[in-house]
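Below, chain A is the first sequence line, B the second, and so on; all start at residue 1.
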Number of protein chains: 2
Amino acid sequence: MSDLLERLRARGWRMTSQRRVVAEVLAGEHVHLTADEVHARAAERLPEIARATVYNTLGELVSLGEVVELSTDGRAKRYDPNAHRPHQHLVCTECGTIRDVRPSGDPLAVLPDSERYGFTVSKVDVTYRGRCPSCAG
Amino acid sequence: MSDLLERLRARGWRMTSQRRVVAEVLAGEHVHLTADEVHARAAERLPEIARATVYNTLGELVSLGEVVELSTDGRAKRYDPNAHRPHQHLVCTECGTIRDVRPSGDPLAVLPDSERYGFTVSKVDVTYRGRCPSCAG
DNA sequence: TCCTACAATGGACTAAGTCTAAGTCAAGAA
DNA sequence: TTCTTGACTTAGACTTAGTCCATTGTAGGA
C-alpha cells in the first residue's frame with residue numbers, strides 16, 4: 001500500500017505488527033505528529049502497543065532517513081514523513097501549526113566562508129515564523 | 001557596568017539581587033547557556049537563588065526582547081544574550097557548540113508568496129548544522 | 001517445526017520545566 | 001526614615017517528554 005512500507009521491507013527492516021502500524025500512521029497523514037500523537041493513533045489499531053516501542057520505531061525511522069525529526073517549539077518533537085524531498089518549515093507562533101515550504105535558491109549559499117569558523121556545514125534548517133490565516137484574525 | 005542592566009533599569013524593571021545576578025551572568029559571557037547553567041553560575045554568587053526564579057527571570061528577559069531563546073537540540077533551551085543585533089546560529093552536530101553567524105542577504109526574501117499560505121511571516125530562524133573543527137578530527 | 005537474534009513490553013527513572021501557597025522585599029508615599 | 005503594598009522569591013510538589021532495562025515474545029531463516 002504505501003511506498004514507505006515497501007522501502008522498509010526492501011531494506012531488510014524486520015517487520016512486526018507494531019512497526020507496521022507506526023509506519024502506516026506516518027505514511028497516512030501528511031501532518032507533523034508528536035510521538036504521543038503517533039502513539040495514540042497507533043493504539044487505535046493495536047491497543048497494547050507500548051510507548052517505548054513507538055519511541056524506538058520513530059528513532060529508527062529517523063536513522064534510516066525515512067522520517068525527519070523537528071524540534072521547533074522546545075516542546076515535544078514532531079515527526080515529518082515527508083523526508084524524500086527537501087523542504088523547510090513555516091510555523092504559526094500562535095497555534096503551532098506547521099506547513100512544509102520550499103524556498104527558492106540554496107539556503108547554504110548565503111553563509112560566507114568567513115562566517116563558517118572552520119565548520120564543515122552539511123545542513124541548513126530554516127524555520128519561518130508568523131501567524132497563520134486563522135490566528136491572524 | 002553592563003548595558004543590559006542599564007537598559008532594564010531604564011525600562012522600570014524592578015531590580016532585585018536575584019534578577020541582577022541572572023542579568024550579570026548573561027551579560028558577562030557571550031556563550032549560549034542553558035537555564036541550569038545560568039542557575040549554577042548565579043548560585044555561585046547568590047547561593048539561595050531558586051531554580052524557579054531563574055526560569056521566571058529568563059522568561060521575562062525573553063519577553064522584554066533582551067535575550068533570545070534557542071531550542072536547537074530538543075534538549076534544554078539555551079539563552080542568547082546577543083539580542084541587539086540580528087544573527088543566525090551554527091551548531092555542531094557532535095558536541096552542540098553554538099556560534100553566532102551572519103548570513104549575507106535577507107533570508108525572508110527567498111520565500112515566495114506562493115509558499116506563504118496566507119501566513120504573516122515575521123521572523124526567520126536559520127540553523128546551520130555541521131561539525132566544528134575539533135569534532136571533524 | 002524449531003531456533004535464536006532481534007523486537008516489544010511495562011514500569012521505573014531522568015531531565016527540563018511549571019505551578020502554587022506562603023513568605024520577603026524594593027521602591028514609592030508620607 | 002519608616003510604612004505599605006504589590007510584585008518578587010522560595011521550596012517542593014507536580015507535569016511532560018523521553019530513556020532505560022530486565023523480561024517476555026516473535027519474525028523469519030535452517
Nearest-angstrom distance from the residue atom [atom1] of [X] to [atom2] of [N]:
| X | N | atom1 | atom2 | result |
| --- | --- | --- | --- | --- |
| A/Lys77 | D/dT16 | NZ | P | 18 Å |
| B/Tyr55 | C/dA15 | OH | P | 12 Å |
| A/Asn56 | C/dA8 | CG | C1' | 8 Å |
| B/Leu58 | D/dT9 | CG | P | 12 Å |
| B/Glu48 | D/dT9 | CD | P | 12 Å |
| B/Gln18 | D/dC8 | CD | C1' | 8 Å |
| B/Leu33 | C/dG17 | CG | P | 13 Å |
| B/Glu37 | C/dA16 | CD | P | 10 Å |

Exercise. Given salt bridge (Lys or Arg N to Asp or Glu O under 4.0 Å), test B/Glu115 with A/Arg99 step by step and report yes or no.
Key: CA-CA 9 Å; B/Glu115 287 286 288; A/Arg99 303 217 49 151; over 6 Å; no
Dump every N/O contact between nucleotides 4-6 of chain D and the protein below 3.5 Å, one line per pair.
residue	atom	partner	partner atom	Å
D/dG6	N2	B/Arg14	NH1	3.4
D/dG6	N2	B/Arg14	NH2	2.9

Nucleotide of [options] approaching [X] most closely (side-chain heavy atoms):
| X | options | answer |
| --- | --- | --- |
| A/Asp36 | D/dA17, D/dT10, C/dA16 | D/dA17 |
| B/Thr16 | D/dC20, C/dA8, D/dT9 | D/dT9 |
| A/Arg19 | C/dA8, C/dT9, D/dT9 | C/dA8 |

Check your understanding: If only atom types and distance count, is the side chain of B/Arg11 paired as donor or acceptor with the main-chain N or O of B/Leu64 below 3.5 Å?
Key -> yes
| task | State plainly whether the residues A/Arg78 and A/Glu37 are in salt-bridge range, i.e. N to O under 4.0 Å. | result | yes
Might you confirm whether atom CZ of A/Arg75 has over 12 heavy atoms from other residues, nucleotides or ligands at distances under 6.0 Å?
no
* Side chains of A/His87 and A/Asp80: do they bring a donor and an acceptor to under 3.5 Å? -> yes
Of A/Gln88, A/Arg85, A/His32, the one forming a side chain to side chain donor-acceptor pair (under 3.5 Å) with A/Asp100 is A/His32
Only residue of B/Val22, B/Leu70, B/Leu58 satisfying side chain to side chain contact (heavy atoms under 4.5 Å, CB included) with B/Tyr79 is B/Leu58
Quiz item: Hey, is the side chain of B/Arg51 pairing donor to acceptor with the base of C/dG17 inside 3.5 Å?
Solution: yes
Nearest-nucleotide check on DNA chain D, B/Trp13 vs B/Arg75; residue mapping nearer the 5' end is B/Trp13
